[in-house]
Asks: 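My structure is below; once you've seen it, I'll send some questions.
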Amino acid sequence: MKIFDVSFTGEFIVKASGDQPEKVNSLNLSNFDLLSGRFPVTYFYFYPKQPQLSFETIVKSLQSSLSQTLSYFYPFAGQIVPNETSQEEPMIICNNNGALFVEARAHVDLKSLDFYNLDAFLQSKLVQVNPDFSLQIQATEFECGGLALTFTFDHALGDASSFGKFLTLWSEISRNKPVSCVPDHRRNLLRARSPPRYDPHLDKTFIKCSEEDIKNIPMSKTLIKRLYHIGASSLDALQALATVNGESRTKIEAFSAYVWKKMVDSIESGHKTCKMGWLVDGRGRLETVTSSYIGNVLSIAVGEASIENLKQNNVSDIANIVHKSITEVTNDTHFTDLIDWIESHRPGLMLARVVLGQEGPALVLSSGRRFPVAELDFGFGAPFLGTVCSTVEKIGVGYLNQRPSACNDGSWSVSAIVWPELATALESDSVFQPMSAKHLQLQT
């Protein structure tokens, strides 16, 4: 595989067209936004060559449709700055500062890329982070005529559901299609009760912290970033293993149980237990929030098990622990209590203790089964790969992000931010396959 070089050929600032639909000068972050960690998140999409369209034509079209899209998502064209009344909490200034659009050329063919090694993509190749812009896009042309689009968001703007709606609406505008979702920017929907009240168990899961705490998370191991293909037959087999006595488990639950069991092989002796976490979306569970709400509405379910039990138990036993852990937070009461817990600890930022590295070995899984992949056509065809990762260098937990494959055959792409021993453990059998041009059906 070639180590590829990228030449940056242009930078443009794209502003929202027309007037803002609501005359909002600024948005205070909601309680859930304060729980986001401010980590940058990047979505990667790769497209085959379109013989009838030049790269210049595609870029101009993207910039025009982005300008229209930002008129619906006007906070995404703003800036995130310290709050005037509380320096500990950021706020979004809706000043139409614009999104940064970077144009680049990679001196390699797509089929020669090492899709497995996400670190190579992230190290100022396909992603650069400019703190002056909350949203950054890079369009990179490859020698074969193919194209990569990367979208980098500040997590204070929203969560995966928000970013998925943004990308979907942008693709609809690009193809002159009707807009399927009008975004709801009312962050005051997530108000705390008066007085706030919450289950004290939340104190064990979440903690108040500062931006400095987040930037300086102690790291016992260097994390590596990788991309895997998980075949549909592997997922079906795991789901069958996790289903006992007619009690079915979802593919995510079965996959989680398998990963948690494999994780044991990567943990140093001396640890008696390890944890696994699952990001859970409050939309559809929190009664005050609409499905089109833009912002963060994420909590985390955390399960803990002893190393000995994980070694001895089979996948179905571990899947039961996974199911129970997730079920405990998939309800209105949990999310309402969490809003109040955050309110009681303001001003400042909050984070799950596992993410700050305070809970020993832990791995968090984020499921993106509803996130647009194959659907993300901007007028020049569907992508052959869509995935997600982060430029973050310090984080106290391993991360797996699941997405459906672009070919819609039931397989997944899973991006990983993990310690090297965990990567070795995951790759020890055929379930986690290092992503390759062959998996993506690129001719080599």
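Atom set for the values below is all heavy atoms of this structure, side chains included, hydrogens, waters and symmetry mates excluded.
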Asks: Looking at residues at least two apart in the chain, or sitting in another chain, which of them share a side-chain hydrogen bond (donor to acceptor under 3.5 Å, both in side chains) with Asp132?
Replies: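 For Asp132, no residue satisfies side-chain hydrogen bond (donor to acceptor under 3.5 Å, both in side chains) once neighbours in sequence are set aside.
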Asks: Between Lys208 and Asp203, is a salt bridge (charged side-chain N to carboxylate O under 4.0 Å, His left out) present by the stated rule, with each step listed?
Replies: CA-CA 10 Å; Lys208 180 174 176 171; Asp203 288 321; over 6 Å; no
Asks: Kindly give the heavy-atom pair with the smallest separation between His155 and Asn296, and that separation in Å.
Replies: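 It is O-ND2, 2.8 Å.
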Asks: In terms of side-chain heavy atoms, does Ser210 have a donor or acceptor partner in Glu212 at a distance below 3.5 Å?
Replies: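 No, Glu212 and Ser210 have no side-chain donor paired with an acceptor closer than 3.5 Å.
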Asks: Counting only heavy atoms not in Glu328, do more than 12 sit closer than 6.0 Å to its CD atom?
Replies: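 Yes - once you tally the heavy atoms of other residues, nucleotides and ligands closer than 6.0 Å, there are more than 12.
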Asks: Verify whether one side chain among Trp278 and Ser325 offers a donor that lies under 3.5 Å from an acceptor in the other.
Replies: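 No, no side-chain donor-acceptor contact under 3.5 Å.
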Asks: Students often mix this up, so state it plainly: with edges at 30° and 60°, are the rings of Phe142 and Phe4 parallel, tilted or perpendicular?
Replies: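 Tilted: the ring planes of Phe142 and Phe4 meet at 30° to 60°.
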Asks: In terms of relative ring orientation, are Phe121 and Phe115 parallel, tilted or perpendicular, with 30° and 60° separating the classes?
Replies: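 It falls in the perpendicular class, over 60°.
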Asks: To the nearest 0.5 angstrom, please state how far the OG1 atom of Thr387 sits from the CH2 atom of Trp412.
Replies: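 Atom-to-atom, Thr387:OG1 and Trp412:CH2 are 13.0 Å apart.
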Asks: Can you sort out the partners of Ser248 under side-chain contact (heavy atoms from CB on, under 4.5 Å), two or more places apart, ordered by chain and number?
Replies: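 Here the qualifying residues are Thr243.
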Asks: Looking only at heavy atoms, what is the nearest atom pair of Lys275 and Met263, with distance?
Replies: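 Smallest interatomic distance, heavy atoms only, reads O-CE, 3.7 Å.
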Asks: Indicate the ring-plane relationship of Phe206 and Trp341, choosing parallel, tilted or perpendicular according to the 30° and 60° boundaries.
Replies: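 Phe206 vs Trp341 ring planes: tilted.
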Asks: Does atom NE2 of His201 have more than 12 heavy-atom neighbours from other groups under 6.0 Å away?
Replies: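 It does not: His201 NE2 has 12 such atoms or fewer within range.
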Asks: Please identify each residue that fulfils side-chain hydrogen bond (donor to acceptor under 3.5 Å, both in side chains) with Lys177, with sequence neighbours left out.
Replies: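 For Lys177 there are no side-chain hydrogen bond (donor to acceptor under 3.5 Å, both in side chains) partners, ignoring immediate neighbours.
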Asks: Test side-chain contact (heavy atoms from CB on, under 4.5 Å) on Cys181 and Thr168; report intermediate values, then the result.
Replies: CA-CA 9 Å; Cys181 169; Thr168 297; over 6 Å; no
Asks: Would a distance-only check, ignoring hydrogens and angles, find a side-chain to backbone donor-acceptor pair under 3.5 Å from Asp184 to Arg186?
Replies: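 Yes.
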Asks: Go through the steps for Ser233 and Asp236 under the test side-chain hydrogen bond (donor to acceptor under 3.5 Å, both in side chains), then give the verdict.
Replies: CA-CA 5 Å; Ser233 59; Asp236 289 339; over 6 Å; no
Asks: Is the backbone N or O of Ser112 less than 3.5 Å from a side-chain atom of Asp109, with the two atoms forming a donor-acceptor pair by type?
Replies: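 Checked: no pair found.
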Asks: What are the two closest heavy atoms between Asp281 and Ser161, and how far apart are they?
Replies: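 The answer is OD2-CB, 3.6 Å.
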Asks: Between Tyr399 and Leu363, does the side-chain contact (heavy atoms from CB on, under 4.5 Å) criterion hold? Intermediate values first, please.
Replies: CA-CA 6 Å; Tyr399 260 103; Leu363 182 67; 5.8 Å; no
Asks: Would you please name every residue forming a salt bridge (charged side-chain N to carboxylate O under 4.0 Å, His left out) with Asp332, sequence neighbours left out?
Replies: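 Partners of Asp332 by the salt bridge (charged side-chain N to carboxylate O under 4.0 Å, His left out) criterion come out as none, since no residue qualifies.
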Asks: Can you confirm whether Glu268 is buried at CD, in the sense that more than 12 heavy atoms of other residues, nucleotides or ligands lie under 6.0 Å from that atom?
Replies: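 Incorrect, the count does not exceed 12.
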Asks: Do Gln402 and Ser367 pair up side chain to side chain, a donor and an acceptor below 3.5 Å, judged on atom types alone?
Replies: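 Present: a donor and an acceptor within the cut-off.
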Asks: Measuring from Met276:CE to Glu304:CD, what's the distance to the nearest 0.5 Å?
Replies: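 These two atoms lie 14.0 Å from each other.
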Asks: When you measure from the side chain of Asp409 to the backbone of Ser411, do you find a donor-acceptor pair of N or O atoms at a distance under 3.5 Å?
Replies: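 Pair found, side chain donor or acceptor close to backbone of Ser411.
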Asks: With a sphere of 6.0 Å drawn around NZ of Lys49, does it hold more than 12 non-hydrogen atoms of other residues, nucleotides or ligands?
Replies: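 It does not: Lys49 NZ has 12 such atoms or fewer within range.
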Asks: Please enumerate all residues that pass salt bridge (charged side-chain N to carboxylate O under 4.0 Å, His left out) together with Asp317, with sequence neighbours excluded.
Replies: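 Per chain and number, Asp317 pairs via salt bridge (charged side-chain N to carboxylate O under 4.0 Å, His left out) with no residue.
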Asks: Would Thr140 and Gln138 count as a side-chain hydrogen bond (donor to acceptor under 3.5 Å, both in side chains) if you check the C-alpha gap in whole Å, the side-chain angles of each, and the deciding distance to 0.1 Å?
Replies: CA-CA 6 Å; Thr140 306; Gln138 183 172 319; 3.0 Å; yes
Asks: Kindly give the heavy-atom pair with the smallest separation between Tyr47 and Leu110, and that separation in Å.
Replies: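 Between these two residues, the closest heavy atoms are O-CD1, 3.6 Å.
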Asks: Using side-chain contact (heavy atoms from CB on, under 4.5 Å) as the criterion, list what pairs up with Asp377, not counting sequence neighbours.
Replies: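 If we apply the side-chain contact (heavy atoms from CB on, under 4.5 Å) test to Asp377, skipping adjacent residues, the hits are Arg175.
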Asks: Give me the atom names and distance for the closest heavy-atom approach of Leu66 to Ala99.
Replies: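 Leu66 and Ala99 have their closest heavy atoms at CD2-CB, 4.3 Å.
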Asks: For Lys225, give me all partners under salt bridge (charged side-chain N to carboxylate O under 4.0 Å, His left out), at least two apart in sequence or on another chain.
Replies: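 Per chain and number, Lys225 pairs via salt bridge (charged side-chain N to carboxylate O under 4.0 Å, His left out) with no residue.
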Asks: Does Glu421 CD have over 12 foreign heavy atoms under 6.0 Å away?
Replies: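 Yes, CD of Glu421 has more than 12 neighbouring heavy atoms, counting only those of other groups under 6.0 Å.
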Asks: For this output row, return yes or no: ring centroids of Phe255 and Phe432 closer than 6.0 angstrom.
Replies: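 Ring-ring flag for Phe255/Phe432: true, centres closer than 6.0 Å.
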Asks: Any sub-3.5 Å donor-acceptor pair from Ser174's side-chain atoms to Ser65's backbone N or O?
Replies: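 Between the backbone of Ser65 and the side chain of Ser174 there is no qualifying donor-acceptor contact (under 3.5 Å).
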Asks: Just jot down the salt bridge (charged side-chain N to carboxylate O under 4.0 Å, His left out) partners of Arg346, sequence neighbours excluded, or say none.
Replies: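 With sequence neighbours excluded, Arg346 shows a salt bridge (charged side-chain N to carboxylate O under 4.0 Å, His left out) to Glu89, Glu343, given in chain and number order.
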Asks: Identify the heavy atoms of Tyr293 and Arg187 that sit nearest to each other, and give their distance.
Replies: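 Nearest pair, atom of Tyr293 first, then Arg187: OH-CA, 3.5 Å.
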Asks: Per the salt bridge (charged side-chain N to carboxylate O under 4.0 Å, His left out) rule, what does the pair list look like for residues 144-157, sequence neighbours excluded?
Replies: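 Non-adjacent pairs meeting salt bridge (charged side-chain N to carboxylate O under 4.0 Å, His left out): Arg38-Asp154.
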Asks: Rounded to the nearest 0.5 Å, what's the gap from CD on Gln50 to CZ on Phe380? Could you check?
Replies: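 It is 8.0 Å, given to the nearest 0.5 Å.
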Asks: Not counting sequence neighbours, which residues clear side-chain hydrogen bond (donor to acceptor under 3.5 Å, both in side chains) with Asn401? List them please.
Replies: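 With neighbours one apart ignored, the set is Ser366.
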Asks: When rounded to the nearest 0.5 angstrom, what is the spacing between CG in Leu310 and SG in Cys274?
Replies: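 So the gap between those two atoms works out to 5.0 Å.
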Asks: Atom CZ in Arg369, atom OG1 in Thr250: separation rounded to 0.5 Å?
Replies: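 Those atoms lie 7.5 Å apart.
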Asks: Do the ring planes of Phe73 and His185 sit parallel (below 30°), tilted (30 to 60°) or perpendicular (above 60°)?
Replies: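 The arrangement is perpendicular - the two ring planes meet at more than 60°.
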Asks: Please collect all salt bridge (charged side-chain N to carboxylate O under 4.0 Å, His left out) contacts where either partner lies in residues 427-436, sequence neighbours excluded, each pair once.
Replies: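 Those involving residues 427-436 are Lys262-Asp429.
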Asks: Please check if the side chain of Asp340 supplies one atom and the backbone of Tyr198 the other of a donor-acceptor pair under 3.5 Å.
Replies: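 Pair absent, no side-chain N/O of Asp340 close to backbone of Tyr198.
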Asks: Any chance the side chains of Ser36 and Asp33 put a donor and an acceptor closer than 3.5 Å?
Replies: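 Note: Ser36 and Asp33 side chains miss the donor-acceptor criterion.
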Asks: Using the side-chain contact (heavy atoms from CB on, under 4.5 Å) criterion, which residues pair with Asn117? Sequence neighbours excluded.
Replies: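 Result, side-chain contact (heavy atoms from CB on, under 4.5 Å) vs Asn117: Asp114, Asp119, Ala120, Arg226.
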Asks: Between the side chains of Ser162 and Arg283, does any donor sit under 3.5 Å from an acceptor?
Replies: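 The criterion, which ignores hydrogens and geometry beyond distance, is satisfied for Arg283 and Ser162.
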Asks: At what distance, to the nearest 0.5 angstrom, does SG of Cys407 lie from CD of Gln441?
Replies: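 Result: 5.5 Å between the selected atoms.
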Asks: Determine, step by step, whether Phe76 and Trp170 satisfy the ring pair (Phe, Tyr, Trp, His ring centres under 6.0 Å) criterion, reporting the C-alpha distance in whole Å, the side-chain angles of both residues, the deciding distance to 0.1 Å, and the verdict.
Replies: CA-CA 13 Å; Phe76 288 28; Trp170 184 1; over 10 Å; no
